[in-house]
Amino acid sequence: SHIALSPALPPPPSTGKPAPGSPRRLEIPFVGREEQRRQLEHLINQRQGRGIWIQGPRGIGKSRLLEEVYGAAAAAGGTVVWTGPDVTRAMEPLLPIRRLATGLLGLPCEPGSIADLREPARELGLATDDLPGLAEVFALHDGTPDMPPEVLARERQAALRRLVAA
């Protein structure tokens with residue numbers, strides 16, 4: 001089971017001590033979101049879905065809520081993929097989605113070719129028909145069928161749905 005969490009920044013590693021030379025992390029108390037935390041932990045523990053999508057206005061505590069749930073997801077045996085907006089503001093197309101797909105496919109970095117997608121996709125039970133859609137996520141066009149943009153967008157969405165459900 002995989003859990004996909006989508007806050008703005010990755011959680012700090014939980015080593016118990018900060019790395020030498022690293023700034024101290026300010027611990028923000030977790031207040032007022034206990035019901036949402038319980039609901040998320042219930043979903044994780046019951047394995048009622050592979051992906052959990054959290055969204056909302058800036059500053060309402062999404063990241064803090066997910067920090068609370070992060071450990072529970074990992075402890076339940078899930079693969080946690082932590083993604084969010086491009087903090088460099090480089091405006092890379094589909095960056096959070098590409099990071100999510102990379103993590104769910106179990107790849108160490110973004111694929112450089114469709115060949116890099118074949119085996120991880122097969123291991124997750126995805127079909128060969130999903131490769132053009134996955135390739136579109138990563139803007140890989142080597143060996144993909146020539147399709148109109150609206151068809152490629154539809155294939156991308158379908159492949160992502162199947163990847164999250166795999």
Side-chain angles (χ1 to χ4, degrees), residues 1-15 18-19 22 25 40-41 43-56 62-166:
S1 177
H2 300 286
I3 308 299
L5 304 176
S6 184
L9 298 172
S14 57
T15 60
S22 68
R25 187 172 188 282
L40 289 172
E41 287 178 352
L43 288 171
I44 292 165
N45 292 331
Q46 298 301 311
R47 305 242 195 274
Q48 294 179 6
R50 181 168 178 213
I52 298 172
W53 188 276
I54 306 290
Q55 69 182 44
K62 299 177 301 293
S63 296
R64 185 64 185 95
L65 172 63
L66 293 176
E67 285 177 1
E68 281 293 309
V69 177
Y70 183 84
T79 299
V80 178
V81 178
W82 194 283
T83 185
D86 180 4
V87 295
T88 68
R89 308 251 189 245
M91 304 300 285
E92 292 186 50
L94 300 175
L95 181 64
I97 301 298
R98 291 192 336 252
R99 287 180 179 161
L100 176 64
T102 299
L104 292 177
L105 287 164
L107 298 171
C109 60
E110 285 192 21
S113 70
I114 292 178
D116 296 338
L117 294 171
R118 280 193 180 93
E119 186 60 23
R122 187 193 62 74
E123 287 176 6
L124 289 172
L126 298 176
T128 304
D129 293 349
D130 291 317
L131 289 175
L134 289 175
E136 180 64 16
V137 169
F138 296 104
L140 302 173
H141 302 290
D142 58 319
T144 57
D146 190 23
M147 296 182 203
E150 63 276 4
V151 173
L152 282 173
R154 195 169 50 243
E155 290 296 315
R156 180 180 64 225
Q157 291 170 356
L160 285 168
R161 276 195 303 273
R162 286 189 286 272
L163 175 61
V164 169

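Quick note: numbers below take in every heavy atom, side chains included, and nothing from hydrogens, waters or symmetry partners.
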Colleague: Excluding sequence neighbours, so at least two apart, what forms salt bridge (Lys or Arg N to Asp or Glu O under 4.0 Å) with E123?
Modeller: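 Scan of E123 (salt bridge (Lys or Arg N to Asp or Glu O under 4.0 Å), adjacent residues dropped) gives none.
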
Colleague: Checking E68 now: which residues fulfil side chain to side chain donor-acceptor pair (under 3.5 Å) with it, not counting sequence neighbours?
Modeller: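 Partners of E68 by the side chain to side chain donor-acceptor pair (under 3.5 Å) criterion, ordered by chain and then number, come out as R64.
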
Colleague: For a side chain to side chain contact (heavy atoms under 4.5 Å, CB included) check, start with the C-alpha distance between E155 and M147, then their side-chain angles and the critical distance, and finish with the verdict.
Modeller: CA-CA 10 Å; E155 290 296 315; M147 296 182 203; 4.1 Å; yes

Colleague: Work out which heavy atom in P111 is nearest to a heavy atom in T102; give both atom names and the distance.
Modeller: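 Residues P111 and T102, closest heavy atoms: CD-OG1, 4.4 Å.
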
Colleague: What I'd like to find out is whether the side chain of L117 reaches to under 4.5 Å of the side chain of D130, using heavy atoms alone.
Modeller: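 No; the side chains remain at least 4.5 Å from each other.
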
Colleague: If you define the side chain from C-beta out and look only at heavy atoms, does anything of L140 sit under 4.5 Å from L134?
Modeller: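 With C-beta onward as the side chain, the pair stays apart.
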
Colleague: Applying side chain to side chain contact (heavy atoms under 4.5 Å, CB included), can you list everything that pairs with A101, at least two apart in sequence or on another chain?
Modeller: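 Partners of A101 under the side chain to side chain contact (heavy atoms under 4.5 Å, CB included) test: V137, F138, L160, L163.
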
Colleague: State which residues pass salt bridge (Lys or Arg N to Asp or Glu O under 4.0 Å) with R99; sequence neighbours excluded, sorted by chain then number.
Modeller: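 Salt bridge (Lys or Arg N to Asp or Glu O under 4.0 Å) check on R99 returns nothing, list empty.
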
Colleague: Can you pull the side-chain hydrogen bond (donor to acceptor under 3.5 Å, both in side chains) pairs that have at least one residue in residues 103-117, sequence neighbours excluded?
Modeller: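 The answer is R98-E110.
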
Colleague: With sequence neighbours left out, write down each residue that passes side chain to side chain contact (heavy atoms under 4.5 Å, CB included) with P108, or none if nothing qualifies.
Modeller: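 Partners of P108 under the side chain to side chain contact (heavy atoms under 4.5 Å, CB included) test: none.
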
Colleague: To the nearest 0.5 Å, tell me how far E136 CD sits from R154 CZ.
Modeller: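 The CD atom of E136 sits 12.5 Å away from the CZ atom of R154.
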
Colleague: Among residues at least two apart in sequence or on other chains, which ones pass side chain to side chain donor-acceptor pair (under 3.5 Å) with E119?
Modeller: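 In terms of side chain to side chain donor-acceptor pair (under 3.5 Å), with neighbours along the sequence ignored, E119 is linked to R122.
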
Colleague: List the residues meeting side chain to side chain donor-acceptor pair (under 3.5 Å) with R156, not counting sequence neighbours, and say none if there are none.
Modeller: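 Listed in chain order: nothing, the list is empty.
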
